[in-house]
Amino acid sequence: MVANSDIATSDDAIVIDRMHRVFAAQQKAFLDDGEPDLKTRLDRIDRIIAMTLKNADRFTEATHADYGSRNPELGKATDVVGLVDGLKADKRAVAGFMRGERRASAFPLGLLGGRSRIHYEPLGVVGNISPWNFPVNLSFAMLGAAFGAGNRVMIKPSDQTPLTSEAIADAVAEYFDETELAAFAGGLDLAVEFPKLPFDHLMFTGSPVLAKVICAEAAKNLTPVTLELGGKSPVIVGKTAGMDEAARRIMWGKCINGGQVCLAPDYGFIPAGSESGFVEAASRVVTGMFPTMVGNDTYVNFVNQRHYERVLGYLDDAREKGAQVIEVNPGNEEFPAEARKMPITFVLNPTDDMVIAQEEIFGPVFLIRTYSELDEAIDYINSRPKPLALYYFGDDDKEWRSILDRTSSGGAVRNDVVVHYMQHDLPFGGVGNSGTGRYHGIEGFKRFSNPRGVYEQSNIAAKALRMALNFPLKDLHKKIVKAKLR
């Protein structure tokens with residue numbers, strides 16, 4: 001095994017050949033076996049839970065090796081514990097979701113025995129292209145919904161975390177027949193080929209730039225897609241907020257996984273005149289969490305050199321254009337390039353011509369803007385692409401209501417950040433540039449189902465329907481003839 005993303009092309013060719021064979025086998029098995037019953041669906045979710053728990057050490061150690069510095073215990077908290085909790089929540093709900101929904105039948109057919117309902121049937125074979133930032137969680141989290149809805153699934157984990165991807169593929173092969181679930185570890189050639197398969201549904205978690213490529217390939221097969229993307233998620237710190245507590249919670253969300261989280265707060269609006277107080281409070285929080293950073297595995301580094309240099313370039317551009325850049329370096333350490341780490345950094349009052357103000361940061365950098373009136377913050381947010389999440393800190397109910405009414409985002413949280421992902425009964429996803437489609441809860445089950453409209457006719461209702469259609473049509477014909485003669 002090699003700890004880089006350049007897996008040999010020849011190996012990819014072998015995996016690609018297997019991928020096509022597995023896809024055909026899953027299609028055939030789905031059609032031959034028909035819809036799985038409740039017992040089968042629950043068994044598949046149970047096996048994902050058992051597989052995750054058995055391989056927790058291997059998964060998190062592999063991700064640590066892929067990153068170079070990512071505490072396995074942190075990995076267990078983010079990639080394993082949260083994943084299992086969500087799968088258990090999905091499992092508890094499957095039986096209820098499978099019952100479908102009753103719908104009203106046209107009057108008076110419903111009174112005469114006709115019945116309308118929605119039957120949620122599985123789509124078939126679902127593909128999942130998962131990212132590198134939470135490679136285990138985001139490879140498997142959608143399975144609660146996809147398996148609950150009765151589908152077969154193929155997973156293509158990220159080539160940026162190759163050791164983790166291999167661990168995922170090995171674990172899946174041990175617990176599942178490949179006609180139920182299969183995972184494919186490989187490099188760029190595999191990544192290019194995977195979305196070309198004519199899936200019944202394709203899910204992608206990643207950047208908007210790559211999402212356009214995925215959608216272009218999916219469109220060739222008219223494959224419907226779920227896109228879980230990112231963007232620049234804003235925080236509004238209201239004038240009624242406690243600054244110390246707001247700083248503590250914002251920095252917690254900013255520091256998870258070294259800021260490499262699609263839900264991480266990207267920039268904040270602070271009341272004018274309070275920005276220095278916020279920076280001081282946030283700096284104390286960071287110092288308490290990370291007295292040292294370079295040799296500290298709990299302070300996660302960038303996944304690779306490219307992403308490290310990308311964010312360094314953003315900061316260089318901001319400095320050149322006059323931004324005030326403040327680093328929090330509690331241990332007064334040197335940050336060598338090979339460590340792929342940088343201190344928590346604040347960029348105050350960035351201008352729109354700075355690259356860092358335009359692109360999602362995905363690193364330990366937080367932009368700080370100021371406002372005098374709430375309208376300034378709302379107008380700015382509305383001038384940008386719709387974010388995956390919007391966060392508000394404050395005790396003003398009217399202000400919170402105004403923010404919800406006048407902005408749009410995939411999700412919204414008051415007095416915290418990120419934690420709505422952990423609420424498994426809430427739908428999770430983006431809107432516009434931050435994604436399309438939802439998973440978690442009933443919305444996830446429906447996303448991976450076909451809502452099949454079913455009407456069951458009765459003999460009495462059928463006779464009544466035809467009588468009702470017959471007589472008015474004769475009258476209508478007479479009216480048309482008279483109209484033409486006038």
Side-chain angles (χ1 to χ4, degrees), residues 18-54 83-102 117-130 138-156 168-169 171-184 197-203 221 223-226 424-425 427 437-454 456:
R18 174 176 168 259
M19 179 186 72
H20 283 278
R21 287 188 284 104
V22 170
F23 178 77
Q26 287 203 2
Q27 277 190 317
K28 185 176 187 303
F30 176 76
L31 295 173
D32 289 348
D33 296 348
E35 292 188 26
D37 59 17
L38 175 62
K39 181 180 178 181
T40 301
R41 300 180 195 208
L42 296 181
D43 172 66
R44 289 172 179 168
I45 298 175
D46 276 336
R47 276 183 279 156
I48 285 293
I49 293 171
M51 180 197 73
T52 301
L53 294 174
K54 178 182 177 181
L83 168 64
V84 169
D85 285 347
L87 291 169
K88 288 180 177 178
D90 287 327
K91 181 186 169 186
R92 289 192 295 268
V94 170
F97 295 163
M98 287 179 65
R99 294 190 189 103
E101 301 174 23
R102 292 289 297 272
R117 63 187 174 90
I118 299 294
H119 171 65
Y120 290 105
E121 67 176 16
L123 295 173
V125 180
V126 175
N128 179 28
I129 303 175
S130 59
L138 295 177
S139 289
F140 299 141
M142 53 81 71
L143 292 175
F147 278 162
N151 297 285
R152 315 287 174 125
V153 182
M154 295 170 60
I155 301 170
K156 209 297 290 182
I168 287 170
V172 167
E174 178 184 356
Y175 274 78
F176 287 87
D177 185 273
E178 63 183 15
T179 61
E180 298 175 293
L181 175 68
F184 304 89
L197 291 172
F199 291 108
D200 296 290
H201 196 97
L202 179 60
M203 180 169 174
N221 296 306
T223 298
V225 296
T226 291
H424 300 295
D425 201 36
R438 296 288 188 273
Y439 67 114
H440 293 182
I442 182 63
E443 287 79 11
F445 180 89
K446 290 181 177 180
R447 189 65 176 174
F448 297 115
S449 300
N450 172 37
R452 193 175 192 177
V454 178
E456 298 176 8

Which is it for H201 and T223 under the side chain to side chain donor-acceptor pair (under 3.5 Å) test, yes or no, and what are the steps along the way? CA-CA 6 Å; H201 196 97; T223 298; over 6 Å; no
Taking every non-hydrogen atom, the tightest pair across [X] and [Y]:
| X | Y | result |
| --- | --- | --- |
| M98 | P36 | CE-O, 4.4 Å |
| S130 | L138 | CB-O, 3.4 Å |
| V126 | M142 | CG1-CE, 3.9 Å |

So, the side chain of N151 versus the backbone of F448: is there a donor-acceptor pair under 3.5 Å, distance only?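 Checked: pair present.
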Counting only N and O atoms by type, is there a donor-acceptor contact under 3.5 Å from the side chain of N128 to the main-chain atoms of I155?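 No: the side chain of N128 does not pair with the backbone of I155.
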I'd like to know whether R44 forms a side chain to side chain contact (heavy atoms under 4.5 Å, CB included) with I48, so could you lay out the CA-CA distance, the side-chain angles of the two residues, the decisive distance to 0.1 Å, and finally the verdict. CA-CA 6 Å; R44 289 172 179 168; I48 285 293; over 6 Å; no
With [X], which residues qualify under side-chain contact (heavy atoms from CB on, under 4.5 Å), at least two apart?
| X | value |
| --- | --- |
| E443 | P427, R438 |
| D425 | none |
| P198 | F23, N221 |

Calculate, to the nearest 0.5 Å, the distance between atoms [atom1] and [atom2] belonging to [X] and [Y] respectively.
| X | Y | atom1 | atom2 | value |
| --- | --- | --- | --- | --- |
| F184 | M19 | CZ | CE | 7.0 Å |
| L202 | L123 | CG | CG | 12.0 Å |
| I168 | T52 | CD1 | OG1 | 9.5 Å |
| L42 | D37 | CG | CG | 9.0 Å |
| K446 | I118 | NZ | CD1 | 9.0 Å |
| M51 | Y175 | CE | OH | 8.0 Å |

Salt bridge (charged side-chain N to carboxylate O under 4.0 Å, His left out) between D43 and R47: does it pass, once the steps are laid out? CA-CA 6 Å; D43 172 66; R47 276 183 279 156; 2.8 Å; yes
Would you say that more than 12 heavy atoms from the other residues, nucleotides or ligands in this model lie under 6.0 Å from the CZ of R99, or not?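 No, the 6.0 Å shell around CZ holds no more than 12 heavy atoms from other groups.
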With sequence neighbours excluded, residues passing ring-ring contact (aromatic ring centres under 6.0 Å, His included) with F97: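 So F97 forms a ring-ring contact (aromatic ring centres under 6.0 Å, His included) with F445.
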Partners of F140 by ring-ring contact (aromatic ring centres under 6.0 Å, His included), sequence neighbours excluded?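 With sequence neighbours excluded, F140 shows a ring-ring contact (aromatic ring centres under 6.0 Å, His included) to no residue whatsoever.
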Should E174 and V172 be marked as a side chain to side chain contact (heavy atoms under 4.5 Å, CB included) after you check the CA-CA gap, both sets of side-chain angles, and the distance that decides it? CA-CA 5 Å; E174 178 184 356; V172 167; over 6 Å; no
With sequence neighbours left out, what residues match [X] under side-chain hydrogen bond (donor to acceptor under 3.5 Å, both in side chains)?
| X | value |
| --- | --- |
| H440 | none |
| S449 | none |
| T179 | D177 |
| R92 | none |

Are R117 and E101 within salt-bridge range, i.e. N to O under 4.0 Å?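 Here R117 does not pair with E101 in a salt bridge, since their nearest N and O are not under 4.0 Å apart.
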Is any side-chain N of the basic residue among R452 and E121 closer than 4.0 Å to the acidic one's carboxylate O?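 Looking at E121 together with R452, the answer is yes, because their closest N to O distance falls below 4.0 Å.
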Show me the pairs that pass salt bridge (charged side-chain N to carboxylate O under 4.0 Å, His left out) and involve residues 140-150, at least two apart or across chains.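 Those involving residues 140-150 do not exist here.
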What pairs of donor and acceptor atoms, side-chain ones from residues 84-91 against any protein atom, are under 3.5 angstrom apart with sequence neighbours left out?
unit_1, atom_1, unit_2, atom_2, d
K91, NZ, D46, OD1, 2.6
K91, NZ, D46, OD2, 3.2

Considering only distance and modelled atom types, tabulate donor-acceptor pairs under 3.5 Å from the side chains of residues 24-32, sequence neighbours left out.
unit_1, atom_1, unit_2, atom_2, d
Q26, OE1, V153, N, 3.4
Q26, NE2, V153, O, 3.2
Q26, NE2, E178, O, 2.9
K28, NZ, D32, OD2, 2.6

